[in-house]
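Below is one structure, written out as structure tokens; the observations come after it.
Here is how names work: the chains are called A, B, and so on, in the same order as the sequence lines, proteins then strands, and each is numbered from 1. Computed from heavy atoms alone, side chains included, the values below leave out hydrogens, waters and symmetry copies.
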Amino acid sequence: MEEKKRNEAYNNYVKAKIPKTRPWPSLFNSFLVGGIICTIGQGINDLIMLWFPNLAEQTAWGYTLVILVFIASFLTGIGVYDKIGKFAGGGSIVPITGFSNSITSPAIEFKHEGIIYGICVKMFTIAGPVIVAGIVSSIIVGLVYLFI
Amino acid sequence: MSYNQTIVFKNKPVIIGSYSIVGPKEGKGNFGPYFNYVMKDDSFGEDSYEKAEKKMLESAIVGAIEDAKIKPKDIQIILAGDLLNQIISSSYAARNFDVAFLGLFGACSTMAESLAIGATFIDSSHFDKLVCATGSHFSSAERQFRFPLELGNQRPPASQWTVTGSGATVLSKTGKGPKITMATFGKVIDFGINDVNDMGAAMAPAAMNTMLAHFKDTGRTPDDYDLIVTGDLGKLGSEILVDLMEYNGIKLGLNYNDCGQMYFTRNQNTLSGGSGCGCSATVFNSFIISKLRKGELKRVLFMPTGALMSTTASQQGETIPGVCHAIVIESDVEENKKIDRNKKRRVTTTRKVSYGTKKEV
Amino acid sequence: MYYLWVFLIGGLVCMLGQVLIIYTNITSARILVTFVLIGVLLEAFGIFDPISEFAKAGINVPIIGFGASLAKGAIGAVRARGIVGAFTGGLEATAGGIAAAVLFAFIFALIFKSKTKS
């Protein structure tokens with residue numbers, strides 16, 4: 001009991017002691033980078049629509065996302081994306097490019113363990129939960145819509 | 001003579017050789033000029049960071065043996081440990097030496113753990129000459145404990161930077177050099193911190209516990225030491241330790257500092273400072289030993305701390321236990337002629353430096 | 001002119017992620033999961049399309065868009081094919097993105113080596 005009290009007091013003390021950072025600079029950075037990535041996405045989409053006017057809107061978005069995923073994956077490979085991430089924080093995690101980064105980075109990192117046990121197994125260490133959560137929740141939504 | 005946790009050595013083991021090897025970033029840090037070897041590239045010519053860590057440890061052991069001016073066959077046992085699972089760096093490095101090997105795990109406190117056990121072996125006359133070594137690598141630790149290197153994320157302000165580096169010390173029964181006079185073995189202490197980005201706060205209570213035990217066992221005070229140095233509490237952790245000690249009625253003055261906090265310069269973006277086995281090991285085997293050899297430091301209390309956590313345990317909601325072992329090293333230089341006050345000041349006052357600028361966050 | 005909306009909304013959504021990072025200390029896997037679930041919910045309640053109408057890439061490029069297309073696919077397929085649609089629709093709609101991410105990750109993992117930070 002006494003130990004619990006001590007730990008609680010210590011945790012509170014540490015919480016007060018941890019260096020506080022002003023949130024505004026990092027919020028601004030994430031806003032800026034996130035906005036830029038989305039604008040680039042819009043630009044790519046508009047170019048596709050311009051060049052292939054007959055494309056359905058949904059398909060054009062598909063191409064746009066694939067191109068963004070490609071760019072992010074490449075930037076991860078040449079070691080640029082982690083530097084963007086250090087600056088932008090949430091700004092480069094939340095866009096689809098962050099999803100691509102979270103798949104490519106462990107794949108590159110665990111290359112030394114071989115193609116099967118390294119690249120293929122570790123590829124989804126970070127992005128796996130995203131796909132699982134997405135699939136499960138979309139199935140639930142689909143089933144709900146079946147009955148309403 | 002021995003107390004509860006402290007051993008006072010009769011046949012004081014002599015440090016006859018030491019060697020430190022670090023990565024390029026560490027070489028640009030505050031201790032840069034003191035290291036024996038700074039790698040140009042932290043992969044060290046190997047194809048993986050784990051292999052690089054092993055090779056670093058190996059060359060630190062070879063370097064320390066050369067520094068002691070003895071032959072590898074004079075060494076009777078190697079005491080080593082590291083941070084990787086199953087301490088592979090140490091045991092794989094030891095496989096290239098035709099010497100008995102004892103693998104140790106004390107997380108980042110391994111340097112003191114190996115020196116304390118080694119000193120006990122020599123004091124009891126079972127061994128004549130032995131090597132104590134440890135090391136860590138930023139990239140191998142990152143991928144084992146945190147995230148892939150290429151993942152674009154930010155480091156929280158209390159987080160620390162694992163030092164890429166390895167240090168080795170040769171202990172001998174006879175010879176010239178600084179002597180290990182005491183060792184205090186620490187208890188495992190857990191004050192319920194579960195934030196893996198805040199190792200300093202998790203380990204500070206262990207440092208406090210060992211320090212209190214040491215002062216109680218020996219009847220000494222902080223003023224009996226020229227330098228009291230913890231391993232890798234970082235800026236935050238060492239401030240916490242100062243507060244904790246003050247709470248217990250012991251005031252730590254300017255002669256206290258922390259290797260992790262001193263390690264990097266302010267614009268190297270390491271937030272709370274350095275960490276890892278290599279942090280205390282490389283500072284000990286470069287800066288501290290060279291100062292002891294010159295007599296610029298007379299008596300040092302070296303107490304690296306270790307966070308005994310694993311990713312599995314913390315994912316299961318466990319808090320982070322810490323441990324801290326302390327050893328006392330005394331210089332064999334009798335006349336303390338000129339102390340380079342300026343140098344000492346420069347390093348010991350970095351504690352007063354405030355947390356990083358906006359940019360570091 | 002709608003580029004301004006794209007920039008503002010995209011920036012705000014990403015800033016929301018940064019708010020989560022600062023105040024709850026969550027890791028990137030949790031952020032991504034949270035935003036995918038937000039997307040699924042937005043689509044399920046029919047709020048996503050009105051936003052997407054004027055925010056365009058501002059809401060489609062963030063991983064929210066990924067969640068929304070999962071839900072949209074599942075809902076559409078359920079209406080067209082019944083119960084089996086709930087299982088096939090979501091992945092069908094997002095297969096392109098996932099497949100691209102996997103393929104590029106695989107190729108670049110073969111080409112590039114991880115670089116240390118400094």
Side-chain angles (χ1 to χ4, degrees), chain A residues 21 23 26-27 30-39 41-42 45 61-62 64-66 68-70 73-74 76-79 82 88-91 93-96 98-100 102-104 107-109 111 119-120 123 126-127 129-131 133-135 137-139 141-146, chain C residues 3 6-8 10-15 17-22 28-29 31-33 35-37 40 43-44 56-58 60-63 65-67 70-71 73-75 77-79 82-83 85-87 89-91 96-98 100-102 104-106 108-109 111-115 117:
Chain A
T21 55
S26 77
L27 288 181
S30 64
F31 177 78
L32 187 73
V33 175
I36 290 174
I37 292 175
C38 293
T39 314
Q42 186 65 44
N45 191 54
W61 275 119
T64 308
L65 294 185
V66 167
L68 284 176
V69 163
F70 174 82
S73 196
F74 180 74
T76 306
I78 59 171
D82 61 310
I93 295 175
V94 175
I96 191 89
F99 176 71
S100 173
S102 72
I103 292 185
T104 311
I108 294 178
E109 183 81 28
K111 188 182 177 179
I119 298 177
C120 299
M123 194 179 273
I126 298 162
V130 181
I131 295 174
I135 291 177
S137 57
S138 74
I139 291 176
V141 169
L143 291 178
V144 169
Y145 265 76
L146 193 65
Chain C
Y3 274 88
V6 169
F7 180 80
L8 284 180
L12 276 178
V13 169
C14 296
M15 202 171 85
Q18 183 68 13
V19 170
L20 285 179
I21 294 178
I22 294 180
S28 42
I31 294 172
L32 289 172
V33 168
F35 277 83
V36 162
L37 292 180
V40 170
E43 180 64 37
K56 293 178 190 286
N60 276 291
V61 170
I63 195 96
F66 180 77
L70 273 167
I75 294 168
V78 158
R79 290 200 172 131
I83 193 157
F87 294 90
L91 271 183
I98 297 176
V102 169
F104 298 141
F106 188 75
F108 288 131
I111 299 173
F112 294 112
K113 242 188 96 171
S114 72
K115 282 162 276 299
K117 290 185 179 181

Side chain, backbone, both or neither of [X] within contact of chain A (heavy atoms, under 4.5 Å):
X       : value
L37(C)  : side chain
I31(C)  : side chain
L12(C)  : both
F106(C) : both

For chain A, find which of [options] contributes the most heavy-atom pairs closer than 4.5 angstrom.
options                  : answer
I111(C), V102(C), V13(C) : V102(C)
R79(C), K113(C), K56(C)  : K56(C)
V36(C), I98(C), I63(C)   : I63(C)
N60(C), I21(C), L91(C)   : N60(C)
I22(C), V33(C), I75(C)   : I75(C)

From [X] [atom1] over to [Y] [atom2], what is the distance, rounded to the nearest 0.5 angstrom?
X      : Y       : atom1 : atom2 : answer
Y3(C)  : L8(C)   : OH    : CG    : 14.5 Å
T76(A) : E109(A) : OG1   : CD    : 12.0 Å
I93(A) : L20(C)  : CD1   : CG    : 10.5 Å

Heavy-atom proximity to chain C below 4.5 Å, by part of [X]:
X       : result
I119(A) : side chain
L65(A)  : side chain
A88(A)  : backbone
I96(A)  : both
S102(A) : side chain

Report the option among [options] that has the most heavy-atom pairs separated by less than 4.5 Å from atoms of chain C.
options                           : result
I131(A), V130(A), T64(A), V33(A)  : V130(A)
I36(A), V144(A), T104(A), L143(A) : T104(A)
I103(A), L27(A), D82(A)           : L27(A)

State, to 0.1 Å, how close [X] and [Y] come at their nearest heavy-atom pair, and which atoms those are.
X       : Y       : value
P95(A)  : I37(A)  : CB-CG2, 3.8 Å
F99(A)  : A127(A) : CE1-CB, 3.9 Å
I108(A) : A109(C) : CG1-CA, 3.7 Å

For the backbone of [Y] and the side chain of [X], can you confirm whether one donor and one acceptor N or O come within less than 3.5 Å of each other?
X       : Y      : answer
Y145(A) : A86(C) : no
N45(A)  : G41(A) : no
S100(A) : V69(A) : yes

Side chain to side chain contact (heavy atoms under 4.5 Å, CB included) partners of F74(A), counting only residues at least two apart = I78(A), F108(C), F112(C)
Results of side chain to side chain contact (heavy atoms under 4.5 Å, CB included) for F87(C) - residues two or more places apart only | I139(A)
